[in-house]
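Order of the sequence lines sets the chain letters (A, B, ...), proteins ahead of strands, with each chain counted from 1. Values below: every heavy atom of this structure, side chains too, minus hydrogens, waters and symmetry copies. Everything quoted here is computed from the prediction, not taken from an experiment.
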Amino acid sequence: MGEILKISNLTGGYQRSRPVLHDVSFSVNAHEIVGLIGLNGAGKSTTIKHILGLMEPHKGDVRLMGRTWSEDKDDYRQGLAYIPEMPLLYEEMTLWEHLELTAMAYGLKEVTFKERANELLEEFRMKKMVKWFPSHFSKGMRQKVMIMCALLVHPSLYVADEPFVGLDPIGIRSFLDRMVEMKEKGCGILMSTHILATAEKYCDRFILLHNGRVILKGTLQELQAQSNMHGADLDQIYVEMTKEDKND
Amino acid sequence: MIDEKGLWTRRRSEYWEMAIKYLKLIGNSGFLFTIYLLFVFGSYYYGQFLEWLPETFPATLFFTVVFTWLITRGRVRTFAKPGDLFFLTPREGKMDSYFRSAIFYSWMMETLWIALLMLVLSPLFADRIYPSGSLVFSVIFLLSALKLWNLATGFEEQRIQEKNRYFMHTMLRFGLNAVTVYAIFSLQSILIVIGIAVALLLFYIGYFYRLSKVHSLKWERLVDIEDSTVMTFYRIANSFTDVPALKSKVRKRAWLSPLFRLVSYGQSHVYRYLFSRAFVRSRDYFGIYLRLTLIGLLFLSVVQIDWGRWLLIIVFAYMTALQVETLKNHFATSSMADLYPVSEKVKLKSHQFWMLSLGTVQAVVFGLGLVIFFGVMDGLLGVILTMLVYLYSSRLRLPKTYSL
């Protein structure tokens, strides 16, 4: 299996004296959905910012298809699409223009763009809103725009940060179906979420982050073995593992 | 314990700290130079204008209208904040000193504007109404007193809940002001002026003051008045610099969308695409561009001195270019734009493209104007000068602001 994303011994944060992440290592392979799980403030968003190349590591490195961000910025970014937790839209652009701009930015052929865009609009039931400006969108619609933009490009790696917030049930379903489809095509997907039931159903492996360190990683069986909680579900493991803190 | 007087002073100085920052930016943006230019040309043409103005010009009526408007408009600035609806309403009865300070402050500010306008118009006053310098100051004094009366009555007036009645009261004030201002500018005898003053004073005591005993303060209205005052200031400041607090709406401006056709599909045009939407639809880029172009054209059409026109072309083209330059930071806070696999070089090229395109349009407008008013050679020179400014801005200035 091809390794798409490889994070090795990453230490990083906003201040050198007070790193948020400590020696984080994990990878995302092709044909794989990896769940990034942790409490608020565990370091999920910081990890994602390092993957996106928005932050630079103090130590260690982040490689996408074998390259770091600093080796070739544009090439690196061509290889990933990001779905942010808070929809980041351009207030002065319509839905269609968001899609078109994204397609242009990632160098899609115009024919491919139109084909994919229309399919996505249909699937996410946003056809009526193509000429709308973001000020008329609800939180869920905004999130759909972000998801559609990301799905338009077919990169090697998807990074999704809490993609379900505000989505309606049909939106969630469409999104997950698409993720599975992309996975089958050979994409790697890293998804950060608090909705553990969904994560358990869709993710192949999990990274459990706590206080900036990876405390568990692997498939559900491996997590159960590592935590000595055989037969437990993800929710129970999660609560148990983050509880330990109080005792020491 | 809230110290009302202290609260007032603190809020006033907070506002001025903020305002002075913006005023400094405005001062640095070439605005002062424009004012200076206006002053130089203005004083030259003022005399000519007065000579040209026909004898039949209704100067008294003109002054009456202008000052009636200036005196009726504007309300007491209270620096009220939305939180006051919760925190200060319980102390409403003890806030007299706060609002007295507010009225006094507003009076001083408004008097400044009245004096300024009166001084600007004083040559016209001396020419058409009464040729005496000292009378100008007496008029300013009287107008200022009338303004104080308006602020005081206007403040009691805001206690009236119903919109219709509130508006009627403002209209009533407008009428009384018109009579008084007319009496002042038609140089009525001092007795009449005193008579009006006494009548107004009695009216205040007999009617408006009683309003304060019957009606409560309308805090929401006070907050609205404060908001709109601050917004006006922001909007003015926004013509010179970027005001983050000003969240102006996106405008569609559909009639400008043919401009978007200049951007064809393709990875290298990502920023052309972004900049075109930003320029047309957001904030005031387009508005400022249009205003600077039209004002420039207006100046070019009246200035008769050759080198004066050349200077004006350079100044206006340069000011416009500076505004177009700020497009660069429009997407600075958007992390999505940061994630695109598109280099800074592409961004710079797109920025240059739009700067030159907009420059060309402005050059054509200036050029055509000059051809019409002065002749073909002037027009040609205008186009060349404008383009030189834009070439300098886009090829030499702009790349320096990019980190490549």
Side-chain angles (χ1 to χ4, degrees), chain A residues 45 48-49 51-55 64 69 72-94 96-114 117 131-136 142 145-146 149-150 153 155-157 159 161, chain B residues 244 246-254 256-257 259-287 326-327 329-350 353-354 402-404:
Chain A
S45 295
I48 287 173
K49 278 184 190 145
I51 297 171
L52 297 177
L54 294 177
M55 286 175 79
L64 183 67
W69 173 77
D72 187 342
K73 195 179 140 192
D74 295 337
D75 218 29
Y76 181 96
R77 287 199 165 140
Q78 183 81 49
L80 65 84
Y82 169 53
I83 299 162
E85 181 184 8
M86 291 296 290
L88 303 166
L89 300 178
Y90 302 108
E91 294 302 318
E92 58 281 279
M93 289 195 344
T94 63
W96 181 259
E97 287 171 345
H98 276 91
L99 295 172
E100 191 174 2
L101 179 74
T102 311
M104 280 166 73
Y106 286 87
L108 256 65
K109 282 210 184 82
E110 202 171 357
V111 203
T112 323
F113 151 64
K114 283 190 175 146
K131 292 242 155 101
W132 289 19
F133 285 93
S135 54
H136 299 285
R142 287 171 161 254
V145 180
M146 296 312 311
C149 285
V153 264
S156 323
L157 178 74
V159 179
D161 193 358
Chain B
L246 196 68
K247 271 183 270 161
S248 61
K249 270 199 211 149
V250 169
R251 280 165 213 257
K252 208 169 163 199
R253 297 199 177 106
L256 277 172
S257 51
L259 204 69
F260 297 151
R261 283 197 220 124
L262 284 175
V263 186
S264 57
Y265 187 90
Q267 194 166 20
S268 54
H269 289 168
V270 168
Y271 276 98
R272 279 196 195 184
Y273 197 99
L274 278 169
F275 285 145
S276 65
R277 269 70 181 175
F279 178 78
V280 169
R281 291 178 186 156
S282 76
R283 291 217 198 108
D284 245 359
Y285 296 111
F286 175 71
T326 58
L327 267 177
N329 294 325
H330 188 79
F331 297 102
T333 50
S334 158
S335 13
M336 282 326 268
D338 287 341
L339 292 178
Y340 298 146
V342 177
S343 69
E344 242 347 61
K345 243 184 234 151
V346 174
K347 184 174 174 186
L348 172 63
K349 275 208 180 115
S350 303
F353 168 81
W354 280 117
Y402 277 80
S403 52
L404 291 172

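At least one side-chain heavy atom of A:Met104 sits under 4.5 Å from a side-chain heavy atom of B:Tyr265. Put simply, the side chain of B:Gln267 does not reach to within 4.5 Å of the side chain of A:Tyr106, judged on heavy atoms.
One distance of note links CZ of A:Phe133 with CZ of B:Arg251; it measures 12.5 Å at 0.5 Å rounding.
Looking at A:Tyr76, there are no atoms closer than 4.5 Å to chain B (heavy atoms on both sides), in backbone or side chain. B:Ser264 touches chain A through its backbone: at least one of N, CA, C or O sits under 4.5 Å from a heavy atom, while the side chain does not. Neither the backbone nor the side chain of B:Tyr271 has a heavy atom closer than 4.5 Å to any heavy atom of chain A. With a threshold of 4.5 angstrom between heavy atoms, A:Leu52 approaches chain B through its backbone and through its side chain.
Looking at residues two or more places apart in sequence or on another chain, you find no salt bridge (Lys or Arg N to Asp or Glu O under 4.0 Å) involving B:Lys349. For the salt bridge (Lys or Arg N to Asp or Glu O under 4.0 Å) test, no residue two or more places apart in sequence or in another chain qualifies with A:Glu100. The salt bridge (Lys or Arg N to Asp or Glu O under 4.0 Å) test applied to A:Arg142 returns A:Glu91, not counting sequence neighbours.
With chain B as partner, the option from A:Ala103, A:Gly53, A:Ser135 having the largest number of non-hydrogen pairs under 4.5 angstrom is A:Ala103.
Here the shortest heavy-atom pairing between A:Asp74 and B:Pro341 reads O-CB, 3.1 Å. Nearest heavy-atom pair across A:Leu101 and B:Val270 is CD1-O, 3.5 Å. When every heavy atom of A:Glu92 is checked against every heavy atom of B:Ser282, the shortest pair comes out as OE1-CB, 3.3 Å.
Of residues 80-88 of chain A, those residues lying under 4.5 Å from chain B by any heavy-atom pair are A:Tyr82, A:Pro84, A:Leu88.
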Go through the steps to decide whether A:Glu97 and B:Arg281 satisfy the test salt bridge (charged side-chain N to carboxylate O under 4.0 Å, His left out), and finish with yes or no. CA-CA 13 Å; A:Glu97 287 171 345; B:Arg281 291 178 186 156; 2.6 Å; yes
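For B:Arg277 (side chain) and A:Thr94 (main-chain N/O), no donor-acceptor pair under 3.5 Å exists by modelled atom type.
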